[in-house]
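Note that the structure is a prediction, hence the values are computed from the model and not measured. Only heavy atoms go into these numbers, but all of them, side chains included; no hydrogens, no water, no symmetry mates.
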Amino acid sequence: MNEFEMTDLGMMHYFLGISVAQSSDGIFISQNKYVEDILDRFQMKDCNPMHTPVECGLKLHKDHGGKKVDNTIYKQIVGSLMYLTATRPDIMYSVSLISMYMENPTEMHLLAAKRILRYLQGTRNFGIFYKKGVKSNLMGLTDSDYAGDQDDRKSILGYVFMIGTSAVSWASKKQPIVTCQTQKLNLFLLQLVHAKPFG
């Protein structure tokens with residue numbers, strides 16, 4: 001400030017659609033305003049909330065005989081939800097699942113997408129809390145299903161890395177090849193995480 005003219009705006013409260021609440025206990029980030037915006041945009045602001053973002057055991061597939069839906073709207077829903085995963089690891093798997101059918105979505109895929117929106121209706125204030133003073137151990141968790149995709153028999157891999165009690169990196173994606181084993185990759189990743197102490 002001695003060299004350049006600038007204004008101190010104080011602590012950050014909002015950045016690229018992400019709300020930042022800082023306190024003596026830690027930092028809480030969320031996208032509650034963004035959730036309200038996408039619910040309104042896709043005419044779901046008055047929908048009934050759901051307790052989970054995806055039906056337990058749901059297996060989507062290419063529905064060649066199903067009723068086609070507007071793929072432009074479907075892509076807009078998926079794109080909006082993808083940005084929301086910046087602070088919502090709880091919807092990462094379900095968003096990854098519906099994103100595989102953007103080419104030719106049918107009513108089955110749209111219903112799965114709308115269920116995520118209904119889940120957000122009841123959890124719009126969810127986010128990630130980075131608690132102050134927690135021991136900063138790095139922990140990684142990973143898992144994959146076995147040939148879970150009904151179209152090409154590829155597995156879906158998911159992982160989350162946490163520092164202390166807070167998630168810092170997460171993903172859910174289909175593996176590029178058909179695997180014959182599920183545990184070898186998981187054990188390798190966990191060994192990699194625990195090979196060196198964090199900090």
Side-chain angles (χ1 to χ4, degrees), residues 9-23 26-130 148-151 156-162 166-174:
L9 299 178
M11 300 177 74
M12 182 172 64
H13 297 286
Y14 197 76
F15 181 73
L16 295 178
I18 298 176
S19 298
V20 182
Q22 303 184 51
S23 68
I27 300 174
F28 178 72
I29 62 172
S30 67
Q31 292 171 280
N32 54 336
K33 177 64 169 61
Y34 182 72
V35 171
E36 293 175 5
D37 291 342
I38 62 176
L39 288 174
D40 186 39
R41 178 182 179 187
F42 299 114
Q43 302 176 356
M44 297 285 288
K45 64 179 181 179
D46 297 320
C47 67
N48 295 323
M50 298 294 290
H51 295 294
T52 58
V54 64
E55 183 182 344
C56 183
L58 176 68
K59 296 288 185 181
L60 294 179
H61 56 85
K62 293 179 180 179
D63 188 14
H64 298 293
K67 183 179 179 181
K68 303 293 183 182
V69 298
D70 188 340
N71 65 349
T72 300
I73 296 295
Y74 186 81
K75 289 177 181 178
Q76 289 174 351
I77 294 175
V78 173
S80 299
L81 292 173
M82 281 183 173
Y83 184 67
L84 185 58
T85 60
T87 61
R88 296 292 300 266
D90 54 327
I91 64 169
M92 187 74 249
Y93 168 76
S94 52
V95 173
S96 174
L97 190 63
I98 64 171
S99 68
M100 293 189 286
Y101 303 97
M102 291 194 291
E103 187 70 25
N104 293 300
T106 64
E107 279 189 338
M108 174 178 64
H109 306 123
L110 183 60
L111 286 173
K114 286 187 173 181
R115 184 187 175 101
I116 302 174
L117 294 175
R118 293 176 65 188
Y119 170 72
L120 295 175
Q121 172 75 304
T123 61
R124 61 180 65 192
N125 293 320
F126 280 20
I128 301 176
F129 181 60
Y130 297 98
D149 191 294
Q150 294 186 346
D151 296 313
I156 296 177
L157 167 71
Y159 70 80
V160 59
F161 288 93
M162 304 177 70
S166 304
V168 293
S169 179
W170 54 89
S172 175
K173 65 178 184 178
K174 187 192 294 186

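Using a 4.5 Å cut-off on side-chain heavy atoms (C-beta onward), R88 and Y119 make contact. Within the 4.5 Å cutoff, the side chain of L117 has heavy atoms near those of the L120 side chain. With a 4.5 Å cut-off on side-chain heavy atoms, K114 and M44 count as touching. Considering only heavy atoms from C-beta on, T123 stays 4.5 Å or farther from V35 through its side chain. At least one side-chain heavy atom of P105 sits less than 4.5 Å from a side-chain heavy atom of N71. In this structure the side chain of H13 never reaches within 4.5 angstrom of the side chain of V20, judged on heavy atoms.
Between the OG1 atom of T72 and the CE atom of M102 there is a distance of 12.0 Å, given to the nearest 0.5 Å. If you take OH on Y14 and CG on L16, they are separated by 9.0 Å, rounding to the nearest 0.5 Å. How far CD1 of I29 is from CD1 of I128: 4.5 Å, rounded to the nearest 0.5 Å. Between S96 atom OG and M82 atom CE the span is 7.5 Å, to the nearest 0.5 Å. Interatomic distance, CG of L97 versus CD1 of I91, reported as 12.5 Å (0.5 Å rounding).
Counting heavy atoms of neighbouring residues, nucleotides and ligands inside a 6.0 Å radius, atom NZ of K68 exceeds 12 of them. Open room surrounds CZ on F15; 12 or fewer heavy atoms of other groups in view lie less than 6.0 Å from it.
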Practice problem: Go through the steps to decide whether R115 and S94 satisfy the test side chain to side chain donor-acceptor pair (under 3.5 Å), and finish with yes or no. | Solution: CA-CA 10 Å; R115 184 187 175 101; S94 52; over 6 Å; no
Self-check item: Worked verdict on H109 versus I98 for side-chain contact (heavy atoms from CB on, under 4.5 Å)
Solution: CA-CA 6 Å; H109 306 123; I98 64 171; 6.0 Å; no
Practice problem: May I have the step-by-step check of side-chain contact (heavy atoms from CB on, under 4.5 Å) for L39 and Q121, ending in yes or no? | Solution: CA-CA 8 Å; L39 288 174; Q121 172 75 304; 3.6 Å; yes
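For S19 against N32, the heavy-atom pair with the smallest separation is OG-OD1, 3.5 Å. Considering all non-hydrogen atoms of both residues, L81 and A113 come closest at CD1-O, 4.5 Å. Taking every heavy atom of both residues into account, Y83 and G17 meet most closely at OH-N, 4.3 Å. For the pair T85 and W170, the tightest heavy-atom approach, listed with the atom from each and the gap, is O-NE1, 3.0 Å. Scanning all heavy atoms of the two residues, the minimum distance from E36 to R124 falls at CG-NH1, 3.2 Å.
The main-chain N or O of Y101 is never found under 3.5 Å from a side-chain atom of Y74 such that the two would form a donor-acceptor pair. Between the side chain of Y130 and the main chain of A167, a donor-acceptor pair closer than 3.5 Å is present. Side chain of S80 to backbone of Q76: a donor-acceptor contact under 3.5 angstrom is found. Q22 contributes a side-chain N or O that, together with a main-chain N or O of M12, makes up a donor-acceptor pair within less than 3.5 Å.
Evaluated for a side-chain contact (heavy atoms from CB on, under 4.5 Å) with M108, the options T106, L110, L111 yield exactly one hit, T106.
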